[in-house]
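One structure is given below, encoded as structure tokens.
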Amino acid sequence: MGASDTMAEKSKLDLAKMDKAYYSAPGKPQVVEFPELSYLAVEGQGSPDGQAFASATEALYKVAYTLKFQSKGEGADFTVAKLEGQWWVDSEAYGLDVPREEWRWKLLIRLPEFVSEAAVGQAKLKAAEKKNAAAGIPGVEFLRLREGLCVQMLHTGPFSNEPETLEVMHGFMAEAGYVPSGRHHEIYLSDFRRTEPSRLRTILRQPVQRLGES
């Protein structure tokens, strides 16, 4: 590796390294706060094992990598960030009691703050023109999201065991006087397509507000 390659590597923005507070959580609940941030996002409904989820994930990554190389060509390279997801249901029922086919989700990939909505639009057009372009590319959008105050905790292990971690989080919230104030949010520190379920590491994050606040 030459000197120019080393300099380029150092200048590449890696959000996971730059913002460790966002991409880390302890094995017990903690209270954190986040400002408004930029994301690529795509919304859908259905089981995470279904085709709609897989197609949306593919489209999101196609746009993310097109955007990365577009930015690199303009002298502002960055590492494509971890996949994230917001989850909810269209009823007052507890989400895990609802059939997976009725789950709603918004998949996210966080963006550097220098990436504009216009740049995302350009990347979508370029990605759609490529051979074997993902069908879901038109649904990918630029999103500004402020979650503010949150309770979060690291979940280690299969997704099927998440209720145990969520129970700990909800107990902490009740004791500390917090109530949910936004969608359940997950940050996938591990690639769940390639990692043994027992070794998965996922940040579970819940926006909250003080009991009695509106």
Side-chain angles (χ1 to χ4, degrees), residues 15-16 19-37 39 41-54 56-57 60 81-110 143 145-214:
L15 288 169
D19 193 354
K20 293 185 182 297
Y22 186 91
Y23 289 101
S24 64
K28 59 183 180 180
Q30 71 172 168
V31 179
V32 290
E33 188 166 4
F34 299 103
E36 186 176 65
L37 299 168
Y39 300 84
V42 61
E43 188 172 324
Q45 181 174 1
S47 168
D49 298 321
Q51 185 57 48
F53 187 89
T57 303
L60 192 66
K82 305 288 187 183
L83 182 67
E84 309 179 33
Q86 292 181 312
W87 298 84
W88 71 99
V89 294
D90 290 332
S91 73
E92 297 301 318
Y94 181 52
L96 295 176
D97 293 334
V98 174
R100 290 158 64 93
E101 290 71 27
E102 297 178 21
W103 289 359
R104 295 184 63 83
W105 35 262
K106 179 172 282 189
L107 300 178
L108 308 167
I109 291 178
R110 191 175 155 194
L143 174 70
L145 174 65
R146 182 185 184 280
E147 291 187 298
L149 199 65
C150 298
V151 170
Q152 68 175 16
M153 180 175 170
L154 180 67
H155 172 74
T156 302
F159 297 131
S160 59
N161 289 351
E162 278 189 14
E164 300 170 12
T165 303
L166 290 171
E167 184 176 355
V168 174
M169 290 174 62
H170 291 160
F172 170 85
M173 289 162 54
E175 186 173 328
Y178 293 111
V179 292
S181 180
R183 294 170 178 170
H184 172 72
H185 186 170
E186 301 185 349
I187 297 96
Y188 306 108
L189 302 181
S190 310
D191 185 342
F192 51 76
R193 299 166 298 179
R194 301 172 182 171
T195 306
E196 194 71 29
S198 63
R199 302 183 67 182
L200 289 171
R201 298 171 67 250
T202 308
I203 296 174
L204 305 186
R205 183 174 292 162
Q206 177 60 58
V208 296
Q209 64 184 31
R210 284 287 185 183
L211 186 63
E213 292 182 349
S214 59

Under the side-chain contact (heavy atoms from CB on, under 4.5 Å) rule, what do Leu107 and Phe53 come out as? Steps first, then yes or no, please. CA-CA 9 Å; Leu107 300 178; Phe53 187 89; 3.5 Å; yes

Is the shortest side-chain heavy-atom distance between [X] and [Y] below 4.5 Å?
| X | Y | result |
| --- | --- | --- |
| Tyr178 | Met169 | no |
| Pro29 | Met173 | no |
| Phe159 | Pro48 | no |

- Is the Lys NZ or Arg CZ of Arg205 less than 6.0 Å from the centre of Tyr22's six-membered ring, within 45° of the axis? yes

I'd like to know whether CZ of Arg183 has more than 12 heavy-atom contacts from other residues, nucleotides or ligands below 6.0 angstrom. yes

Near Glu167 CD, under 6.0 Å, is it more than 12 heavy atoms from other residues, nucleotides or ligands? no

Exercise for review: Check the pair Leu145, Phe34 against side-chain contact (heavy atoms from CB on, under 4.5 Å), reporting the backbone distance first and the verdict last.
Suggested key: CA-CA 10 Å; Leu145 174 65; Phe34 299 103; over 6 Å; no

If every non-hydrogen atom of [X] is compared with every non-hydrogen atom of [Y], which pair is closest and at what distance?
| X | Y | answer |
| --- | --- | --- |
| Arg210 | Ala176 | NH1-O, 2.6 Å |
| Gln209 | Ser181 | OE1-OG, 3.2 Å |
| Leu200 | Pro158 | CD1-CA, 4.4 Å |
| Trp88 | Lys106 | CZ3-N, 3.6 Å |
| Ile203 | Ser24 | CD1-N, 3.5 Å |
| Leu108 | His185 | CD1-NE2, 4.1 Å |

[atom1]/[X] to [atom2]/[Y] distance, rounded to the nearest 0.5 angstrom?
| X | Y | atom1 | atom2 | answer |
| --- | --- | --- | --- | --- |
| His155 | Tyr188 | NE2 | OH | 11.0 Å |
| Gln152 | Leu204 | CD | CG | 9.5 Å |
| Leu143 | Ile109 | CG | CD1 | 12.5 Å |
| Leu149 | Gln206 | CG | CD | 11.0 Å |
| Leu166 | His184 | CG | NE2 | 5.5 Å |
| Ile187 | Arg201 | CD1 | CZ | 12.0 Å |

List the steps and the verdict of side-chain contact (heavy atoms from CB on, under 4.5 Å) for Thr202 and Phe192. CA-CA 10 Å; Thr202 308; Phe192 51 76; over 6 Å; no

Open item on the list: Side chains of Glu102 and Gln45 only: does a donor on one sit below 3.5 Å from an acceptor on the other?
Closed with: no

For side-chain contact (heavy atoms from CB on, under 4.5 Å), just list the numbers for Trp103 and Val89, CA-CA rounded to whole Å, side-chain angles, deciding distance to a tenth of an Å, and then say yes or no. CA-CA 5 Å; Trp103 289 359; Val89 294; 4.0 Å; yes

